[in-house]
Amino acid sequence: MITLNLKYIKMMAQKIRVRFAPSPTGPLHIGGVRTALFNYLFAKHNGGDFLLRIEDTDQTRYVPGAEAYIMEALEWCGIKIDEGPLERGPHAPYRQSERKELYSAYAQQLIDSGHAYYAFDTAEELDALRTRAESVGETFTYSNSTRAGLNNSLSLSKCDCEKLLTSGAPHVVRFKMPENLIVEEVDLIRGHVQFNTDQLDDKVLFKSDGMPTYHLANVVDDHLMEITHVIRGEEWLPSVPLHILLYRAFGWEKSMPQFSHLPLILKPVGKGKLSKRDGDQMGFPVFPLAWKDPETGDVSRGYREDGYLPDGFINMLSMLGWNPGTEQEIFSMDQLINSFSLERVGKSGSRFDPEKTKWYNHQYLIRHSDEELAGLFLPYLEAKGVNVPFPLVVRVTGLVKERCHFVNEIWDQGFFFFRAPETYDEKIISKRWKDGVPEMMAEIAEFFNTLENWNAPEIKEPFSQFVTEKGWNFGTIMNSLRLCLVGGSYGPDIFDICEIIGLTETISRIESALRRLGRV
RNA sequence: GGUCUGUUCAUCUAAGGGUUAGGAUUCAAGAUUUUCAUUCUUGCCAUAGGGGUUCGAAUCCCCUACAGACUACCA
């Protein structure tokens, strides 16, 4: 009985728990989505929990709507949150601004134990020191080598310090970085990494506005929320020693989470990490959902609005930095969960390839059922003012989806099922519309009128016979007829088009082409 | 500048001391489609450079180059 209980407790203690901890400073970038995804996949592969924690400790950077955006984006991607601001959970609240009161006690604990100290230097003073150092080609750091000459509880007398504190002088709490200490980490992605604390500075843990910085809040919350694995972007690697030292200072080293640092997502061309501008310049979204900047009113496009399917989008992201070690490329979310492991995450940054994204979307488009796609296409159709029976939309979708990359392209590839062409492709006109073609088209219209049954096979056969009897060139006829019906040289089988738009419309399109293109 | 991390076809990547360095995307050619797209076939294309270690190196070590991240009272 007792052993069973212990076993149970141990199991509970070992339950994998990860968190995605964005700051609500704007829309989620695809790099952020991938971080969330890898956290989610890792958690679910191991039967663990995925938490969402909102890191809104910087009040100056808070952007209204960003938090809701993050949640909506994760939902669209199919990433399900086990604990979070909306889902609640045993460690609520999940918004750091709502946990504000909690952190000062931890900061105090560090001061009491000598791991941290008060600093009274103003931002202006520090800025001045930085620019002065820069002017002589050096870098100012608030560290072991400089702290004695600055305004803090280590340099000031106890009495002076207390006076300042009781007078309410603005101050921050800084971590007292130990001297010449090697801090080692075994990163699940990068392997063994080590740092010397002499190269590190005394980071601010608690700001003068009463809010903790990322470093303090992050460590405290990860501990309190029983996070077992921290999976985050590579940009955090340099702060690993600080975080490890914080766990030690709190006496939490035994339960410290394991770290994994994901490689960056790079620009498709040129140098640097992927940014919003790359998307604008090259014509692809960098955000999962469209985003309207509440200040400027600028709208950034989103994968969802651009007609990407969430599972294809997720599949594409999963392959950026991770691979299964097999030649399989198409993965459903469940398959990803099944195959995912941090060991197979690469160390080097991946260039983002918009072409591959399109390819993935095409793969998913042809795999989705016609009904489902037609449902997704319906809003686009409505926007065009087209109102037709759903089964027709389904049929058209099935006919054109193979030639589409995106849901919205169903319109480009199949608008002529719903509406007569308004323009005719100039190139095709000059290539096909000559030498008595208009007369042939007129004869074909008459011929169509003689047919008894109007369906693709029963149009095709007599039509072929008719053309053969006339001794006309098939290529010319088929392409010219296509020009009349769709306005160009594309689209599915011509007889399917005839059947679907109907006899009357077919005749009418031939007539209007004759009228508008003339008899040459 | 300093610290840390990385570097295999144009791109995403496989190969963890022994393979003609494999796959996918893009691109090109051909076939199919009386159109376009799809599909199929074929082709092009890579171990950053230099030193070691070893019978043997993409793989281990060193140097160089290049790239990136960090170096805020931002996360």
Side-chain angles (χ1 to χ4, degrees), chain A residues 21-25 55-58 60-61 96 119 121-123 126-127 130 133-134 137-142 170-174 187 189-190 193-196 198-201 203-215 217-218 232-241 261 263-264 266 268-269 271-273 316 319-330 344 346-360 362 366 400-405 409 413 425 428 432 464 467 473-483 486 488-494:
Chain A
S23 326
T25 55
E55 309 226 327
D56 54 351
T57 53
D58 185 357
T60 62
R61 292 213 306 162
Q96 289 184 330
D121 320 84
T122 65
L126 294 175
D127 276 345
R130 278 193 195 97
E134 216 169 295
E138 282 170 16
T139 311
F140 168 78
T141 56
Y142 207 118
H171 62 273
V172 300
V173 176
R174 283 185 183 268
D187 193 286
I189 292 172
R190 270 146 225 288
V193 186
Q194 59 170 230
F195 306 84
N196 187 318
D198 278 353
Q199 308 295 337
L200 273 22
D201 60 346
K203 279 270 175 293
V204 171
L205 299 178
F206 203 83
K207 300 183 270 189
S208 56
D209 67 356
M211 278 288 201
T213 60
Y214 171 84
H215 304 292
N218 187 263
R232 75 231 297 195
E234 192 184 0
E235 68 270 24
W236 293 109
L237 197 50
S239 48
V240 160
H261 292 89
L264 261 24
L266 276 16
V269 289
K271 301 174 178 181
K273 60 177 179 180
M316 174 279 292
M319 292 296 181
L320 234 44
W322 172 84
N323 77 83
T326 66
E327 281 174 7
Q328 185 179 350
E329 299 215 82
I330 304 294
R344 294 213 64 91
K347 297 178 180 52
S348 52
S350 319
R351 240 178 226 291
F352 182 71
D353 183 1
E355 285 302 325
K356 194 103 180 202
T357 310
K358 284 169 78 172
W359 177 80
Y360 264 113
H362 179 250
I366 59 182
V400 304
K401 71 174 180 183
E402 286 225 334
R403 56 199 78 210
C404 297
H405 285 92
E409 278 179 7
Q413 293 294 332
D425 188 319
I428 308 299
R432 302 290 181 188
S464 308
V467 174
N473 178 288
F474 262 98
T476 308
I477 295 302
M478 296 297 278
N479 286 296
S480 306
L481 181 55
R482 183 175 289 281
L483 179 67
V486 314
S489 177
Y490 49 82
D493 186 82
I494 197 121

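For clarity, every value in this text was computed on a predicted model and none was experimentally measured. Chain naming here is simple, since letters A, B, ... match the order of the sequence lines and numbering starts at 1 in each.
Under the Watson-Crick and G-U wobble criteria, each requiring two contacts below 3.5 Å, nucleotide B/U33 is left unpaired. Base pairing of B/C9 is not made with any nucleotide, judged by Watson-Crick or G-U wobble geometry with both donor-acceptor distances under 3.5 Å. With a 3.5 Å ceiling on both atom-pair distances, B/G16 lacks any Watson-Crick or G-U wobble partner. With both pairing distances under 3.5 Å, B/U47 is matched to nothing as a Watson-Crick or G-U wobble pair. Across all strands shown, B/A58 forms no Watson-Crick or G-U wobble pair with both distances under 3.5 Å. For B/G2, the paired nucleotide is B/C70, the pair qualifying as Watson-Crick or G-U wobble because both relevant distances are below 3.5 Å. With both pairing distances under 3.5 Å, B/A28 is matched to B/U42 as a Watson-Crick or G-U wobble pair.
Using atom P as the reference point in both B/U3 and B/U19, the two lie 39 Å apart (nearest Å). B/C44 and B/G49 are spaced 25 Å apart, taking the C1' atom of each and rounding to whole Å. When the C1' atom is compared between B/C55 and B/G43, the two are found 37 Å apart, to the nearest whole Å. For the P atom pair drawn from B/U20 and B/U26, the interatomic distance equals 30 Å after rounding to whole Å. Nucleotides B/C61 and B/U71 have their P atoms positioned 29 Å apart, rounded to a whole Å.
Distance CG (A/N196) to P (B/U3): 10 Å, rounded to an integer number of Å. Rounded to a whole Å, the OH atom of A/Y490 is 10 Å from the C1' atom of B/C36. Remark: C1' of B/A10 and CZ of A/F352 are 16 Å apart, rounded to the nearest angstrom. When the P atom of B/C40 is taken as reference, atom CD of A/E402 falls 10 Å away, rounded to whole Å. One interatomic measurement links the two molecules: CG of A/L320 to C1' of B/U11, which rounds to 10 Å at whole-angstrom precision. The nearest whole Å value for the distance from the NE2 atom in A/H261 to the P atom in B/U5 is 12 Å. Separating the OH atom of A/Y360 from the P atom of B/U11 is a distance of 18 Å, rounded to the nearest angstrom. Between the P atom of B/A15 and the CG atom of A/N323 lies a distance of 7 Å, rounded to the nearest Å.
Ring-plane geometry between A/Y214 and A/W236 is classed as parallel, the angle between the planes falling under 30 degrees on a 0 to 90 degree scale with a further cut at 60.
A donor-acceptor contact closer than 3.5 angstrom is absent between the side chains of A/R190 and A/H261.
If A/W359 and A/Q194 are placed on RNA chain B by their nearest nucleotide, the residue sitting closer to the 5' end is A/Q194. Taking for each of A/Q199 and A/D353 the nucleotide of RNA chain B with the nearest heavy atom, the 5'-most of the two is the partner of A/Q199.
A/D353 has no carboxylate O lying under 4.0 Å from a charged side-chain N of A/K356, or vice versa, which leaves the two without a salt bridge. Here A/K273 does not pair with A/E234 in a salt bridge; the nearest charged N to carboxylate O distance is not below 4.0 Å. Ion pairing between A/D201 and A/K203 holds under the 4.0 Å rule for side-chain N and carboxylate O.
Judged by the 6.0 Å distance and 45° axis criteria, A/R174 is positioned over the aromatic ring of A/Y142.
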Any chance you could list the contact pattern along nucleotides 69-75 of chain B? Use B for base contacts, S for sugar-phosphate-only contacts and - for none, protein heavy atoms under 4.0 Å, 5' to 3'. SS-SBBB
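Put simply, the side chain of A/R344 gets close to the backbone of A/N323: a donor and an acceptor are under 3.5 Å apart.
When all heavy atoms of A/V204 and A/H215 are compared, the pair lying nearest together is O-CD2, 4.4 Å.
Between A/K347 and B/U5 there is no side-chain N or O to OP1 or OP2 distance below 4.0 Å. For B/A15, one of the phosphate oxygens OP1 or OP2 lies less than 4.0 angstrom from a side-chain nitrogen or oxygen of A/R344.
Considering only heavy atoms from C-beta on, A/V240 comes within 4.5 Å of A/R232 through its side chain.
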